[in-house]
Structure formats: C-alpha cells, structure tokens
Amino acid sequence: MPAVGIVIGNGNKEYPGNLTTYVTITCIVAAMGGLIFGYDIGISGGVTTMESFQKKFFPSVYEKQKNDHESSQYCRFDSVSLTLFTSSLYLAALCSCVVASYVTRKFGRKFSMLVGGVLFCAGALLNGFATAVWMLIVGRLLLGFGIGFTNQSVPLYLSEMAPYKYRGALNIGFQLSISIGILVANVLNFFFSKIRGGWGWRLSLGGAVVPALIITVGSLILPDTPNSMIERGQFEKAKTKLRKIRGVDNVDDEINDLIAASEASKLVEHPWRNLLQRKYRPHLTVAILIPSFQQLTGINVIMFYAPVLFQTIGFGSDAALMSAVVTGLVNVGATVVSIYGVDKWGRRFLFLEGGVQMLISQVAVAAAIGAKFGVDGNPGVLPKWYAIVVVLFICIYVAAFAWSWGPLGWLVPSEIFPLEIRSAAQSLTVSMNMIFTFLIAQVFLMMLCHMKFGLFIFFAFFVVVMSIFIYMFLPETRGVPIEEMNQVWRSHWYWSKFVDADPGHVEMGKIH
Ligand code: BGC
C-alpha cells in the first residue's frame, strides 16, 4: 500500500488572531507545569549536600566526606543510592510519559495536567515526611510519574492555545518556567539549609507541594483547548471558544483546519509505525538526536549537582549553595534572551553560537580543575580567585545552554513534525530526553570519580559532534509555518533525498 502523506490547509496562511489577555493568562497558568519539573531539577542537588539529610539517609556518604581526607576529592560523593535518589524520578517520568500520551489523547490535556498535579502532590508529601530511604525513592517515583504527565500535556496545551505567530515565544515560556522552578529551588535550599535542627530538607522536598497545587488547581479552572473539544465532536462549542481565545470573530479558517487535523489524525492507525517510513527519516532523526544531544551537553551535571561540584572544588557548603543560586539566575536571564532572539536571529544561529560558547567554557573548566586537582584529586589549599574563575566559566556555559539547546531542544522538535506523526514523535522526544537525563543523573558522580576533570572534555566532545550535526543537517525553521515545513526538508541538500524519494507521497487538501 502506498504511503499517504497528508498536508493540511492551503499553505501560506496566517490565521487572524491577537495575543488576548485571555490566552496570555491561560498560557501562563498552563506553563506553570514547567515549574514542577524545574523545582525537581533544582532541589535534589542542594538537598543531597545538606549534612543532616546525608546523616539521616546516606550515612556512609556523610562519613566518607567528614573523615576521609586521604582519598580523591573526585570520589567524595560517589554513592549509588545517592544518585538513585536523583535519577529515579526520570525513570518514572520516562515510563509515565508513554501512558500519558494515551491519556492526553483520550481524556484531554486538562485531565493529564490534573493527574500530573495530583501525583506530584502525593510525591512531595511523601518526601517531606520521609523517615526512610524507601519513602524518598517512592516519593521521587511519584513525582516522576507526575512529570511524565505534565511534560506530555503542557507543551501540547500551549501549542494548541497559542496564536500561530506567537507559538515560538510561548513555547519557550515553558522553558522559562522550568528555569524559574530551578532558581526558586536553589534559593529555598540556601535558606532552608540554615534552619537549626537540620530539618530544612523536609521543607525543600515538601515545598514541591506548592507548584503541584498550582498546576492541580490550574488544570481545574483552565478551559479545554478547541482541538480537544473538536476531538470529542463539540464543534460549535469549539468555535465559540476559539473566538474568545483569539479575540476575533472570523476564526473559520483555523477551525476548518483544526477539524481537518483531527480527521487526519484519526485516519492514522499506527502513528508509531508511520514514524518509521522513509519520508519521515529527517523527523525521526531529529526526534531522537535533539533531546539526546540536549542532555549530552552535560547541563544537568550543573543543574543537579552544582552544589556538590562546587563543594568538590573547595567551596564550603554555604558558598556552594550560593553559587548554585548564581547559576540559576544566569539560567533564567539567558532564557529570556532566547525568547527575544529566537525569531529574529533564527534557531541555527543560536544553536551554533551556544555550541561554540559551551565548548570554550567546558575546556576552560576542565583545564582549571585539572591544573589544581590533577589526577589524584588532592588540590591542597585553593585560592579564592581560583574558585571564582571556575564559577564564572560555569556561568558562561549555563548562559550558552539557556539560549540555545535548552529552549530549542524542546521547540525545534515540536515545530517540525507533520500532524500525522506529531503526537508519536513528541512522545519519542520526551522519552529520549528522560532516558538521557536518567543516564546522566545516574552515572555522573561515578564518572566524576573515574574520569576526573576529563569528564568536562567528554561533554565538550559531544558539543562538537552536535554542533556539526546542526551545521550539516538542521535546516532553519524560523518563520516557517508548520504546514509549510515539508518545503524546508525538500530544499535541504541531504534530507531532500528522503522526502522527495517517496513515490507514494500523495498530498490531500482539506478534509471535512
Ligand atoms: C532540560 C533540562 C534542564 C533544563 C535546565 C531543560 O530544557 O530539558 O534537562 O535541566 O533545561 O534549565
């Protein structure tokens, strides 16, 4: 049977619509889904450096740190259970995002957000009241299940709500709330670690209940997307809602395309198998490589373990947490830069500039740590200026990530998939991201112990590989309507072979 490609709409179209207050508020509330993801990323590193927390749950790490002045600094924190605490969440998220893709399709985006919020509340409470390691791990698993649901549904919700022209900026709004979540977590860790009696970690972990409640309540009051309504046959209701969202009366074009889109996706029985067709090779490649590369930048080494890392290079516990706050601030600020620049300078420019900047700073950090710590990991007394230089280069690195691979790692996949494979390809993107986040979280401390400062060279190597990939294989997608995206592949020096070579490609117009 020949493969049938379906092209919706008639190209070159711009739907009328404004950035209404209604849609802005709706999107801000929905983007809060990113907060819970960010809060988690930021909280675990700080908590694992709190002495009272270590003493209670990971006494061997605590003892090793306190008493062992002989062995290498690089290995001070190497503990499988400590890393499992951080990484278990991403394994759970990986499993649940596959389930969530069905729930989101069947019961709507709002429902998935609600499920995510409730699971997240449960996980946060279990963690806050934990008295044993298993409670910590089960709590993290629940948080992970929650994240799988929200990360699947929130970006979809945002894209469906956003007016066409502002989709890019609103998509990065999700990344912005991730980075705000990380920052808030870092700041809270800083203060909570000072609580006398050493129970501050309970507030840090339990505090996740706040963003969880925001998204839970948010999901109850948010309107359904018109797409979701159409999927359930509520055409008139969807039209009325779309008028309100866009702030204009004439939404016929868009509503027709939404109906067509919904019909078309119902025609596709096996979206996953579809993804394997030759003509989708560029999309499949991007869905796998972009999220994997995003993690292979090594960013989560900084996000999860900045305080641990800073302690390793000789900062006291307090200074280490403070430095994590500084990197968190840089992360938020640079994300704002990308919101401003992504539609002006283009994706490729940001990817490539970010790659070069990350490479330089990673090599500098490796050289600085290598020079002082050598391979045996015993630095002697470290001057203050030295630690400051290391933090400075880490900030330069974080800024580069935050305006390139951070937001674009989510944005680019979401804008290149044709409708008929969009949901499956998006699930694949989220899964790949979670797999690599898990792997890096799980093996980082072990890698630091064995590869020492060479660890930074390891990530620098991947930054070179991914930059070459972008240069050679990723076409510019700035200002290209999603329905026109096929053109971009057709005119690409390499991918055109795949897209054009499909003899069975049949274009269909609107479907009613
Ligand atoms: C990544 C996360 C990362 C965060 C940092 C996100 O785009 O997916 O893994 O921790 O950016 O801001």
Side-chain angles (χ1 to χ4, degrees), residues 31 33-46 86-87 89-94 97 143-144 147-148 150-152 154-155 158 168 171-187 211 287-309 324-339 342 347 350-351 354 358 394-414 426 428-442 444 459 462-463 466:
L35 277 185
I36 61 179
F37 184 40
Y39 189 84
D40 260 311
I41 293 169
I43 211 77
S44 44
T86 301
S87 63
L89 185 150
Y90 299 92
L91 204 56
L94 166 69
C97 89
L143 296 177
I147 286 193
T150 49
N151 276 21
Q152 174 70 25
V154 170
L158 289 174
N171 191 303
I172 299 185
F174 180 63
Q175 172 75 13
L176 184 65
S177 77
I178 295 176
S179 58
I180 291 173
I182 297 175
L183 177 64
V184 169
N186 285 333
V187 173
I288 291 174
L289 286 186
I290 295 274
S292 315
F293 280 154
Q294 188 207 50
Q295 292 304 314
L296 286 168
T297 57
I299 187 65
N300 280 324
V301 163
I302 306 298
M303 293 302 147
F304 296 149
Y305 299 116
V308 172
L309 196 70
V325 172
V326 173
T327 52
L329 273 171
V330 171
N331 193 23
V332 173
T335 307
V336 176
V337 173
S338 79
I339 291 182
V342 71
R347 282 70 162 144
L350 284 175
F351 266 129
M358 281 194 283
I394 288 182
C395 286
I396 295 174
Y397 162 79
V398 168
F401 174 87
W403 61 53
S404 62
W405 281 89
L408 302 179
W410 294 106
L411 170 65
V412 169
S414 81
Q426 186 62 22
L428 183 61
T429 300
V430 179
S431 308
M432 291 309 296
N433 197 296
M434 293 302 152
I435 290 172
F436 275 86
T437 307
F438 167 78
L439 286 178
I440 293 197
Q442 188 60 33
F444 164 67
F459 289 121
F462 281 106
V463 168
M466 65 187 81

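Each ligand, and each atom within it, is numbered from 1 in the order the structure gives. This is a predicted model, so every value here is computed, not measured.
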Which atom pairs, one a donor and one an acceptor, fall under 3.5 Å between side chains of residues 325-335 and the rest of the protein, sequence neighbours left out?
| residue | atom | partner | partner atom | Å |
| --- | --- | --- | --- | --- |
| T327 | OG1 | S323 | O | 3.4 |
| T327 | OG1 | A324 | O | 2.9 |
| T335 | OG1 | N331 | O | 2.7 |

Taking only distance into account, with no hydrogens and no angle test, what donor-acceptor pairs under 3.5 Å do side-chain atoms of residues 171-182 form with protein atoms, sequence neighbours excluded?
| residue | atom | partner | partner atom | Å |
| --- | --- | --- | --- | --- |
| N171 | ND2 | S414 | OG | 3.2 |
| S177 | OG | A31 | O | 2.5 |
| S177 | OG | F174 | O | 3.1 |
| S179 | OG | Q175 | O | 3.4 |
| S179 | OG | L176 | O | 2.8 |

Passes side-chain contact (heavy atoms from CB on, under 4.5 Å), I440 versus Y90? Steps please. CA-CA 10 Å; I440 293 197; Y90 299 92; over 6 Å; no

Name each N or O atom in ligand 1 that is under 3.5 Å from a protein N or O, and give the partner atom and the distance.
| residue | atom | partner | partner atom | Å |
| --- | --- | --- | --- | --- |
| ligand 1 | 7 (O) | Q175 | OE1 | 2.7 |
| ligand 1 | 7 (O) | Q175 | NE2 | 3.4 |
| ligand 1 | 7 (O) | Q294 | NE2 | 3.0 |
| ligand 1 | 7 (O) | G406 | O | 3.4 |
| ligand 1 | 7 (O) | W410 | NE1 | 3.0 |
| ligand 1 | 8 (O) | Q294 | OE1 | 3.0 |
| ligand 1 | 8 (O) | W410 | NE1 | 3.2 |
| ligand 1 | 9 (O) | Q295 | NE2 | 2.9 |
| ligand 1 | 9 (O) | N300 | ND2 | 2.7 |
| ligand 1 | 10 (O) | N300 | OD1 | 2.5 |
| ligand 1 | 11 (O) | Q175 | NE2 | 3.1 |
| ligand 1 | 12 (O) | N331 | ND2 | 3.0 |

Counterpart residues, ring-ring contact (aromatic ring centres under 6.0 Å, His included), relative to F462 (two or more places apart):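 F462 satisfies ring-ring contact (aromatic ring centres under 6.0 Å, His included) with F458 once adjacent residues are dropped.
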
Where do I302 and Y397 land on the side-chain contact (heavy atoms from CB on, under 4.5 Å) test, with the steps shown first? CA-CA 10 Å; I302 306 298; Y397 162 79; 3.7 Å; yes

In the structure I gave you, are the side-chain heavy atoms of Q295 and N300 within less than 4.5 Å of one another anywhere?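 Yes - at least one pair of side-chain heavy atoms lies under 4.5 Å apart.
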
